[in-house]
*Asks:* 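Pasting a structure here, questions to come.
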Amino acid sequence: MNVVITGSRGLIGRYTVDHARAALRDQAGAQIISVDQGGMGDWTANYRVADLTDAGQTFTALSGADAVIHLAAIKDHGLVGEPKLFLDNTAMTYHVLEAARHLRIPRVVLASSVQVSRTVRMLRDTRYRYLPLDEAHPVDPQNDYALSKQVGEVMADLYAGVYGLSIVSLRFSAVTRREDMAGWPTPVAAPPHWALYAYVDVRDAARCAWLAATVPLAPATHHVAFVVARDTMTATPSAEIARGFFPDAELRAPLDGHASLISGENARRLLGFEATHSCRDPV
Ligand SMILES: NC(=O)c1ccc[n+]([C@@H]2O[C@H](COP(=O)([O-])OP(=O)(O)OC[C@H]3O[C@@H](n4cnc5c(N)ncnc54)[C@H](O)[C@@H]3O)[C@@H](O)[C@H]2O)c1
């Protein structure tokens with residue numbers, strides 16, 4: 001099995017490559033191929049340099065893959081101008097899906113984001129229909145980045161339904177290294193309720209990406225799953241946050257203690273994934 005991981009020099013990419021290499025260690029002939037835009041390419045070391053906003057480079061970079069974990073992107077609003085962010089991110093996703101279609105790569109994992117669900121900068125209102133939020137809740141992107149991720153999910157519907165690919169869109173919450181969680185849980189929940197206090201340790205995020213590339217799934221299906229820790233990053237109890245800040249939301253689970261306000265149930269059911277790390281773990 002050959003798996004291409006794009007954005008391999010980024011935060012999630014580095015951990016995913018390490019996790020994938022360890023997982024495939026005993027499989028003769030299996031290869032993990034890293035792709036990113038930086039540095040010198042080395043095909044013998046399975047590192048390919050490509051600018052994925054270029055279709056030809058994307059096709060070359062993905063050649064020989066049985067699955068692609070597409071993590072490359074401009075990772076948040078404000079890092080570059082809005083037109084560039086939106087066009088680069090959507091172009092990269094489009095090229096990856098086109099390459100998968102034409103090169104007959106049956107499985108694609110896309111990095112989406114909790115931001116498609118209005119979880120940052122609640123500009124218009126702070127209402128959710130229900131909590132914990134899940135994948136059935138209407139999406140409502142609030143910026144160029146979130147929009148680029150929603151468009152990626154829409155593209156995935158088409159490439160699964162029309163071209164038969166099996167695609168998993170992972171809606172990552174705030175992906176964070178344990179050493180960068182100093183000060184968590186934060187003492188008090190307050191607007192703008194960034195990411196609804198959802199986060200996931202990068203080691204869990206990498207494991208989830210690998211599961212999404214490798215668990216058996218039917219062809220011609222597109223699945224969407226939030227990727228979250230079991231708890232929130234704030235000390236304010238979750239039921240208190242829901243009652244105090246989101247009084248219109250129907251409570252569909254008890255939200256005991258610091259339970260996540262975003263459900264990880266779909267990732268558990270679909271991929272067998274449950275986060276094992278918490279910001280409350282001793283360092
Ligand atoms: N980190 C988070 O909290 C988080 C949360 C939700 C979603 N995501 C998504 O997960 C993915 C990975 O995030 P990350 O935190 O590792 O980001 P990162 O910025 O650390 O890594 C992204 C990588 O993509 C590469 N890249 C960017 N443009 C490229 C291009 N044109 N061609 C080739 N490579 C290119 C960069 O060089 C970089 O190595 C992204 O799609 C991001 O939007 C991340």
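Throughout, residue positions are numbered sequentially from 1 according to the sequence presented. Note that this is a predicted model, so its numbers are computed, not measured. One-based numbering, in listed order, for ligands and for the atoms of each.
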*Asks:* Strictly by modelled atom types, are Asp231 and Ser278 linked by a side-chain donor-acceptor pair under 3.5 Å?
*Replies:* yes
*Asks:* Tell me, please: is Lys149 in heavy-atom contact with ligand 1, that is, under 4.0 Å?
*Replies:*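 It does; at least one heavy atom falls under 4.0 Å.
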*Asks:* Report yes or no: does Ser173 have a heavy atom closer than 4.0 Å to ligand 1?
*Replies:*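 Yes, that is the case, since the closest heavy atom of the residue is under 4.0 Å from the ligand.
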*Asks:* Only heavy atoms of Ala50, strictly under 4.0 Å: list the atoms of ligand 1 that pass.
*Replies:*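 Near Ala50, meaning under 4.0 Å from one of its heavy atoms, ligand 1 has 32 (N), 33 (C).
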*Asks:* Using a strict 4.0 Å threshold on nitrogen-to-oxygen distance, state whether Arg171 and Glu135 make a salt bridge.
*Replies:* no
*Asks:* Find all atoms of ligand 1 within a distance of less than 4.0 Å from any non-hydrogen atom belonging to Gly10, and give their numbers and elements.
*Replies:*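 Ligand 1 atoms under the 4.0 Å threshold to Gly10: 16 (O), 18 (P), 20 (O), 21 (O), 39 (O).
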*Asks:* Do the non-hydrogen side-chain atoms of Ser117 and Phe226 ever get within less than 4.5 Å of each other?
*Replies:*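 SC-SC contact between Ser117 and Phe226 confirmed.
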*Asks:* Between the side chains of Asp134 and Ser263, is a donor N or O closer than 3.5 angstrom to an acceptor N or O?
*Replies:*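 There is no such pair (donor and acceptor under 3.5 Å, judged by atom type) between the side chains of Asp134 and Ser263.
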*Asks:* Among all protein heavy atoms, pick the one closest to atom 11 (C) of ligand 1 and tell me residue, atom and distance.
*Replies:* Leu71 O, 3.0 Å
*Asks:* Does any N or O atom in Phe172 lie less than 3.5 angstrom from one in ligand 1, N or O only?
*Replies:*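 Min N/O separation from ligand 1 is not below 3.5 Å for Phe172.
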*Asks:* Between His223 and Thr221, is there a side-chain donor-acceptor contact under 3.5 Å, judged purely by atom types and distance?
*Replies:*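 Yes, a side-chain donor-acceptor pair sits under 3.5 Å.
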*Asks:* Give a yes or no on whether a salt bridge exists between Arg252 and Glu250, defined as a side-chain N under 4.0 angstrom from a carboxylate O.
*Replies:* yes
*Asks:* Could you identify the single nearest non-hydrogen protein atom to atom 30 (C) of ligand 1 and state the distance to 0.1 Å?
*Replies:*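 Of every protein heavy atom, Gln37 OE1, 3.3 Å lies nearest to atom 30 (C) of ligand 1.
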*Asks:* Nearest protein heavy atom to atom 20 (O) of ligand 1, by residue and atom, and its distance?
*Replies:* Leu11 N, 2.9 Å
*Asks:* How about Pro106 and Leu165: do any of their side-chain heavy atoms sit closer than 4.5 Å?
*Replies:*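 No; the side chains remain at least 4.5 Å from each other.
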*Asks:* I need the nearest protein heavy-atom contact for atom 17 (O) of ligand 1: residue, atom name and distance, please.
*Replies:* Lys75 CD, 3.5 Å
*Asks:* Under a 4.0 Å threshold between the charged nitrogen and the carboxylate oxygen, would Arg21 count as salt-bridged to Asp18?
*Replies:*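 No, no charged N to carboxylate O under 4.0 Å.
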*Asks:* Considering only the protein, which heavy-atom contact is closest to atom 4 (C) of ligand 1, and what is its distance?
*Replies:* Val175 CG2, 4.0 Å
*Asks:* So is Gly38 in contact with ligand 1, going by heavy-atom distances below 4.0 Å?
*Replies:* no
*Asks:* Where do Leu110 and Ala156 come nearest, in terms of heavy atoms and distance?
*Replies:* CD1-CB, 3.9 Å
*Asks:* Find all atoms of ligand 1 within a distance of less than 4.0 Å from any non-hydrogen atom belonging to Gly7, and give their numbers and elements.
*Replies:*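 With Gly7 as reference, the close atoms of ligand 1 come out as 23 (C), 24 (O).
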*Asks:* Please state which protein non-hydrogen atom is closest to atom 16 (O) of ligand 1 and give its distance, to 0.1 Å?
*Replies:*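 Checked against all protein heavy atoms, atom 16 (O) of ligand 1 sits closest to Ile12 N, 2.8 Å.
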*Asks:* Just to confirm my output: which protein heavy-atom neighbour is closest to atom 22 (C) of ligand 1, and how far is it?
*Replies:*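 In this structure, atom 22 (C) of ligand 1 has Ala73 O, 3.7 Å as its nearest protein heavy atom.
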*Asks:* Indicate whether the side chain of Arg230 and that of Ser260 have a donor and an acceptor atom separated by less than 3.5 Å.
*Replies:*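 Side chains of Arg230 and Ser260: no pair found under 3.5 Å.
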*Asks:* Give the residue and atom name of whichever protein heavy atom lies nearest to atom 42 (C) of ligand 1, and the separation in Å to one decimal.
*Replies:*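 Ranking protein heavy atoms by distance from atom 42 (C) of ligand 1, first comes Tyr145 OH, 3.5 Å.
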*Asks:* Any atoms of ligand 1 less than 4.0 Å from a non-hydrogen atom of Ala174? List them with their elements.
*Replies:* 3 (O)
*Asks:* Using a strict cut-off of 4.0 Å, indicate which atoms of ligand 1 neighbour a heavy atom of Thr53.
*Replies:*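 Heavy-atom distances to Thr53 below 4.0 Å select 31 (N).
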*Asks:* Heavy atoms, side chains only, cut-off 4.5 Å: are Leu251 and Leu131 in contact?
*Replies:* yes
*Asks:* Need the ligand 1 atom indices (1-based, order shown) with element for anything under 4.0 Å from a heavy-atom of Ser112.
*Replies:*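 Reading through ligand 1 atom by atom, the close ones are 6 (C), 7 (C).
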*Asks:* Applying a 4.0 Å heavy-atom criterion (strictly less than), which segment of Met92 is in contact with ligand 1: side chain, backbone, both, or neither?
*Replies:* side chain
*Asks:* Please identify which atoms of ligand 1 are closer than 4.0 Å to at least one heavy atom of Asp51.
*Replies:*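 Atoms satisfying the 4.0 Å criterion: 30 (C), 31 (N), 32 (N).
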*Asks:* For the residue pair His193 / Tyr197, report whether a side-chain donor-acceptor contact shorter than 3.5 Å exists.
*Replies:*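 Yes, side-chain donor-acceptor contact under 3.5 Å.
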*Asks:* May I ask you to list the atoms of ligand 1 that are less than 4.0 angstrom from any heavy atom of Arg9?
*Replies:* 39 (O)
*Asks:* Do Asp76 and Gln115 have side-chain atoms, one donor and one acceptor, less than 3.5 Å apart?
*Replies:*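 Yes.
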*Asks:* Check Val116 against Gln150 and note the closest heavy-atom contact, atom names and distance.
*Replies:*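 Residues Val116 and Gln150, closest heavy atoms: CG1-N, 3.6 Å.
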*Asks:* Going by distance only, is there an N or O of Ala72 that falls short of 3.5 Å from an N or O of ligand 1?
*Replies:*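 In fact, backbone or side chain, Ala72 has no N or O that close.
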*Asks:* Look at ligand 1 and say whether Asp36 reaches it with a heavy atom at a distance under 4.0 Å.
*Replies:*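 Heavy atoms of Asp36 do come under 4.0 Å of ligand 1.
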